[in-house]
Amino acid sequence: MAEKLVPVKVQYCGICGLPVEYCEFGPDFEKCKPWLIQNAPDAYPDLVSKGDGKGADEVAEQLKRVSISSGGSSTSQPEEVKRLPGGKVKKKERQEVIIEKVIRNKRKCITTVRGLERFGIKLADASKKLGKKFATGASVVKGPTEKEQIDVQGDISYDIVEFITDIWPDVPESAIFFIEDGRKVPAS
């Protein structure tokens, strides 16, 4: 009769979230070393032989005090970066409005507006105002990246910049871009 299989218990790092044997390949191995010496000394015996627990605490304190500054100023604020499991860094989305003109059926155009929600504007209200101003159909649809965008019937791409900056003054003209021939071009 075959042996009964026993599940393997995997210990995960408390710093980066990876299994301890993969911690050295993660993004923060230097930060993980004190935790590994204290909680998983059998995984990396060379770390334990190089220093005892007291030395690891000193290294951890030094890492907390040392910071890298790009401009040489000593009053730099630590950057708030959200880390996901596995050490991945979540990128903060840029506050910009992207306007793109899509041509369909030879003469028909659709103007697509993306990014208004990043300025705190409700897309349903914005589409209603755009439809009334330009006397066209405007609707909120999900784009190819599963994010909501506003589709306005007709070619209103150059008139829409002035309308957006007048109605919503917290959207600067420098944050509005056009997509022309696959390139992002500033509206101003």
Side-chain angles (χ1 to χ4, degrees), residues 13-18 25-32 63-188:
C13 177
I15 306 298
C16 66
L18 295 172
F25 305 110
D28 297 326
F29 185 58
E30 292 299 319
K31 292 180 184 176
C32 296
L63 282 174
K64 288 180 183 176
R65 281 186 259 134
V66 174
S67 66
I68 299 173
S69 60
S70 60
S73 63
S74 61
T75 60
S76 62
Q77 297 179 1
E79 198 174 304
E80 291 293 324
V81 176
K82 185 172 182 181
R83 291 212 178 256
L84 299 173
K88 294 180 181 176
V89 177
K90 184 175 183 181
K91 293 183 179 178
K92 191 174 184 181
E93 293 182 349
R94 302 172 94 190
Q95 280 197 331
E96 60 187 16
V97 177
I98 298 174
I99 300 169
E100 183 177 7
K101 183 176 84 170
V102 180
I103 299 173
R104 62 175 186 91
N105 296 343
K106 296 182 184 173
R107 292 183 43 191
K108 305 285 182 180
C109 293
I110 295 176
T111 304
T112 304
V113 181
R114 290 185 299 238
L116 281 176
E117 73 277 356
R118 295 181 190 144
F119 291 96
I121 299 168
K122 292 183 181 177
L123 294 182
D125 296 339
S127 69
K128 193 171 188 177
K129 287 181 182 179
L130 286 168
K132 284 184 179 181
K133 166 69 177 173
F134 297 108
T136 63
S139 60
V140 179
V141 296
K142 285 199 177 197
T145 59
E146 294 298 317
K147 293 192 177 185
E148 291 187 336
Q149 63 187 24
I150 299 174
D151 281 355
V152 183
Q153 294 177 7
D155 183 12
I156 58 164
S157 56
Y158 290 100
D159 299 333
I160 200 168
V161 175
E162 185 179 336
F163 178 72
I164 289 173
T165 53
D166 288 345
I167 297 296
W168 299 288
D170 54 333
V171 180
E173 192 171 342
S174 60
I176 300 175
F177 295 94
F178 290 115
I179 303 274
E180 293 178 353
D181 300 327
R183 294 180 292 133
K184 190 164 47 168
V185 180
S188 54

**Study point:** 4.5 Å side-chain heavy-atom contact, Phe178 and Val161
**Key:** yes

Side chains of residues 108-121: which donor-acceptor partners sit under 3.5 Å, not counting sequence neighbours?
{"unit_1": "Thr111", "atom_1": "OG1", "unit_2": "Gly154", "atom_2": "O", "d": "2.7"}
{"unit_1": "Thr111", "atom_1": "OG1", "unit_2": "Ile156", "atom_2": "N", "d": "3.3"}
{"unit_1": "Thr112", "atom_1": "OG1", "unit_2": "Asp151", "atom_2": "OD1", "d": "3.3"}
{"unit_1": "Arg118", "atom_1": "NE", "unit_2": "Glu93", "atom_2": "OE1", "d": "3.1"}
{"unit_1": "Arg118", "atom_1": "NH1", "unit_2": "Arg94", "atom_2": "O", "d": "3.2"}

Write down the atom of [X], the atom of [Y], and the distance for their closest heavy-atom approach.
| X | Y | value |
| --- | --- | --- |
| Glu100 | Ile179 | CG-CB, 4.0 Å |
| Gln149 | Leu123 | N-CD1, 4.4 Å |
| Leu18 | Gly26 | CD1-CA, 3.6 Å |
| Ala138 | Ser127 | CB-O, 3.3 Å |
| Phe177 | Glu96 | CE1-OE1, 3.4 Å |

Pairwise distance [atom1]([X]) to [atom2]([Y]) - rounded to 0.5 angstrom:
| X | Y | atom1 | atom2 | answer |
| --- | --- | --- | --- | --- |
| Ile160 | Thr165 | CD1 | OG1 | 10.5 Å |
| Arg104 | Gln153 | CZ | CD | 6.5 Å |
| Asp125 | Leu130 | CG | CG | 11.0 Å |

Review point. For Glu162, does the CD atom sit with more than 12 other heavy atoms under 6.0 Å from it, leaving out its own atoms?
Key: no

Review point. Can you name the residues that form a ring pair (Phe, Tyr, Trp, His ring centres under 6.0 Å) with Phe29, not counting sequence neighbours?
Key: Tyr44

